[in-house]
Each structure stands twice: as structure tokens, then as C-alpha cells.
Protein chains: 2
Amino acid sequence: MSRKRAPTAETALEMAGSGPSERLTRNLDEVLAYQLRRAQEASFAAFAARVGEAGIWPGWYALLVVINDNPGINQRDLSHAVGRDKSTLTASLRELGKAGLIEKTRDEADQRSFRIALTAAGQRHLAELEFHADAHNKRLDRIIGSRNRTILLQMLRDLADNLSAE
Amino acid sequence: MSRKRAPTAETALEMAGSGPSERLTRNLDEVLAYQLRRAQEASFAAFAARVGEAGIWPGWYALLVVINDNPGINQRDLSHAVGRDKSTLTASLRELGKAGLIEKTRDEADQRSFRIALTAAGQRHLAELEFHADAHNKRLDRIIGSRNRTILLQMLRDLADNLSAE
DNA sequence: TATTGTTATACTCTATAACTATA
DNA sequence: TATAGTTATAGAGTATAACAATA
């Protein structure tokens, strides 16, 4: 996780803007899975561009939120919560630790695991990310119309929940 | 693009299913960007699992669609259409060529570029993918309610278009 | 024996930069 | 000089498997 560039972010923004030939993708317009990917990429790129300026690491967001909401969580549960393998957490948590955003303490009851919690700096950092997330969400609201927000969120949650269930 | 496994696909499905501790991610529920990612991942995983069984390469789908709709397209335009750098196309197109799905012929008018088109096999392959995409879309429709499909698609396209524009 | 977390390793996807050949 | 496509290289993100410590 070296922080030099956020390659996918800006570049995706640039490229997407300048379509040279009009509508080469007409027949993908109706493919839900494809539009889902486009929207996700665009949303991520925009969010990354926003927080990138502030020198904040967007990939940490979900991690910080879950830790904040579940202080003392261990890595196994954390990895399940964010849907990634536990092995991928090691590096991220080390970075978060180095940045002074989280604290790991041995679980006295079970010496195999750690209890992870945000430090004060971690809470401030999260607050800053929330601020940007908020601004980003408002931008998305303006695009889709804020009354549609609830519907869209519900549909997305339904999709994720139902497709995963089995 | 060695075809041995489709790691993200099945594994994501498995993991997402068995949440051990309930709702560790409550406060991410309202974060549109996050739910967008979850839905996209789940959708991709489900589609990959479906076509994976049939030995079909889901990453090729968008490429094949665009080529089919724009026979004779060159790599520069193709790369813009799918939103990837031209350098990433080289390998994919080589695979598609090896698989006998596309044909590259020199553009006589401009010897630097190629004209890319689907072969008959490519068209059959695309038809098979479309079949699976169709089934997948129907499954998504059942989840969100088919009347909501149009709305969702519109919102996703709006998001992608507006966020990229600038 | 089973589980938590780490390490070693590998694979996918994508990008940038330098290059070749044409224009 | 500029453009189309290729190659070399790198990095982010993720996974699996083997391992050490602990249960």
C-alpha cells in the first residue's frame, strides 16, 4: 500500500470523459451488470479524487467504519464483515497501525487474537472521511434526485444480499 | 489471462454467505458508494459463477459486444469504448484471437491500425454469453422487481455519465 | 486437533513509459 | 512530429496454502 499514486482514480475520470466516437456501447446500456460496474467505477473514482486531495486513503474507509462501530473486534470477524480474506487484512492493519489510527491489544481471554480499536487520531481521520463521504453522497443525490436515494440503496442492498445468499 | 481459476467469483460468493456475527456493517448501509460496490461484486460473482460453469470468459463480454456492434473497429476506439487503456487490450485481443473469436486485419487505408471483427465462432460465443447474461438479468429482475429495472438502469447510467463528465 | 493471525506466493486487472511501424 | 499498437514493468487488490502460537 505505497501511497504514491491513485492510478485507477484520476485516469478513469480522464478517459471516461473523452469518448471520441459516440455511443459505441449502445447495446451494453441495458445490461444491468455492466451499468453496475460503470457506476461503481465512476463513483469510486470520484470519491478517490475527492479524498485523494486531502491525502486520505479511501480503501481504509470500510475498515475504519466497522472498527469504530465494533470496538474490540478481532481480525477474523473484521475480515468477514468487509468480505475479504483475513490474510489481506494483515497489511492494511499494519498500515493503519503505523499511521496511528488503530490499536491492537492482545485479547486476554484468548491470546491468539487481538482486539482492534480506533485511536483518537483514527476517530478524527474517520470523521474527516465521513465528511468527504457526505459531500460525495450529496453529489450522488443531486444526480439521481434525493428522493430516489432510498429506493436505489434498497435495491442495491437487496441485490447484494440476495445474490450472496446461497 | 490464464484460465485456471475464477478466484474472485466463487470465493466471494462463499464468503459473503456465512456472516458469523450479525450486522457488523450497519453504518455502511447508507453509504451509497459502498452499497454500489457490494452490489457490483455480488452481481459479477454470480454472473461469473454462471458462465464459469460453461467455460466462458466473462471479462470478454463487453469487448465482444462492442466489436459485434462496431465491426471493423480499431483498438484505440475499442479501448475508449470499454474505458481501458489501449495497452490492456493487447493481451485480451490476443486471447480472443487464439480462441478464434475475433479476426484482426490490417486497415489498408492506414497500415498502423487493425480492423477488428468477430468470427462466426465469436458470434456464437457472444450469443452464448448473451444467453447467460439474459438469465442473469432475469434473476436480478426477480430480486428488485422487474418494474424497478428501468429506474435502476437509468440511475446507474446517470451516475456513471455525470460523474465521468468533467 | 482446531483456530487466529502472519508470511510466502501467485494471479488478475489495470496503468505508464518506452518502443516500432507507420503516417 | 504524431499516432496505432506492442512490450516491459509496476502496483493495487485479492486469494490460497503453509506456518507458529495458542486453544
Side-chain angles (χ1 to χ4, degrees), chain A residues 1-16 20-21 37 40-41 44-45 48 52 57-63 72-80 82-95 97 102 104-116, chain B residues 1-16 20-21 37 40-41 44-45 48 52 57-63 72-80 82-95 97 102 104-116:
Chain A
M1 243 183 208
S2 88
R3 192 188 287 231
K4 274 138 200 169
R5 302 172 307 158
T8 4
E10 289 88 61
T11 37
L13 263 176
E14 285 166 22
M15 295 187 51
S21 24
R37 198 195 74 166
Q40 194 271 318
E41 277 186 9
F44 175 78
W57 209 235
W60 294 352
Y61 183 57
L63 244 24
I73 193 174
N74 67 16
Q75 293 184 211
R76 174 179 142 288
D77 289 347
L78 182 54
S79 83
H80 274 113
V82 299
R84 307 284 160 225
D85 189 85
K86 61 190 164 79
S87 70
T88 66
L89 257 51
T90 304
S92 301
L93 292 179
R94 184 155 41 218
E95 290 301 316
I102 61 159
K104 288 168 61 170
T105 50
R106 280 275 171 207
D107 185 336
E108 287 307 319
D110 184 342
Q111 298 266 314
R112 288 172 305 183
S113 52
F114 294 101
R115 304 192 135 272
I116 304 164
Chain B
M1 241 183 209
S2 88
R3 191 188 290 229
K4 274 138 200 170
R5 302 172 306 156
T8 2
E10 289 90 59
T11 38
L13 262 178
E14 287 165 23
M15 294 189 49
S21 24
R37 199 195 74 168
Q40 193 270 319
E41 276 186 9
F44 175 78
W57 208 235
W60 293 353
Y61 183 58
L63 244 25
I73 193 174
N74 67 17
Q75 294 184 209
R76 174 179 142 288
D77 290 345
L78 182 54
S79 83
H80 275 113
V82 298
R84 308 284 159 226
D85 189 86
K86 60 191 164 77
S87 69
T88 66
L89 257 52
T90 305
S92 301
L93 292 178
R94 183 154 42 216
E95 291 300 316
I102 61 158
K104 289 168 60 171
T105 51
R106 281 274 172 207
D107 185 335
E108 287 308 317
D110 184 342
Q111 298 265 312
R112 289 173 304 182
S113 54
F114 294 101
R115 304 193 134 271
I116 305 165

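Below, chain A is the first sequence line, B the second, and so on; all start at residue 1.
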Side chain to side chain, A:N74 and A:D107, heavy atoms closer than 4.5 Å: no
Can you measure [X] atom [atom1] to [N] atom [atom2] for me and round it to whole angstrom units?
X      : N      : atom1 : atom2 : value
B:W57  : C:dT12 : CH2   : P     : 6 Å
B:E95  : D:dT6  : CD    : C1'   : 15 Å
B:E41  : C:dC13 : CD    : P     : 14 Å
A:L89  : C:dT4  : CG    : P     : 14 Å
A:R37  : C:dC13 : CZ    : P     : 10 Å
B:Y61  : C:dC13 : OH    : P     : 17 Å
A:I116 : C:dG5  : CD1   : P     : 7 Å
A:L78  : D:dT14 : CG    : P     : 13 Å

A:S113 side-chain proximity, nearest of C:dT4, D:dG5, C:dA15: C:dT4
Protein-to-nucleotide contact annotation, 5' to 3' order, nucleotides 17-23 of chain D [B base; S sugar-phosphate only; - none; under 4.0 Å, heavy atom]: B---BBS
Sugar-phosphate only, base, or nothing, as touched by B:R115 at under 4.0 Å among non-hydrogen atoms: nothing
Sugar-phosphate only, base, or nothing, as touched by B:T90 at under 4.0 Å among non-hydrogen atoms: base
Identified side-chain hydrogen bond (donor to acceptor under 3.5 Å, both in side chains) partner of B:Q75 from the options B:H80, B:K104, B:K86: B:K104
Partner set under side chain to side chain donor-acceptor pair (under 3.5 Å) for B:R106, not counting sequence neighbours: none
So, taking the atom named [atom1] in [X] and the one named [atom2] in [Y], what distance separates them when rounded to the nearest 0.5 Å?
X      : Y     : atom1 : atom2 : value
A:E95  : A:W60 : CD    : CH2   : 6.0 Å
A:L78  : A:I73 : CG    : CD1   : 5.0 Å
B:I116 : B:L63 : CD1   : CG    : 8.0 Å

Set of side-chain contact (heavy atoms from CB on, under 4.5 Å) partners for A:T88, sequence neighbours left out: A:R84, A:D85
B:R94 side chain near D:dT7 phosphate (N/O to OP1/OP2, under 4.0 Å): yes
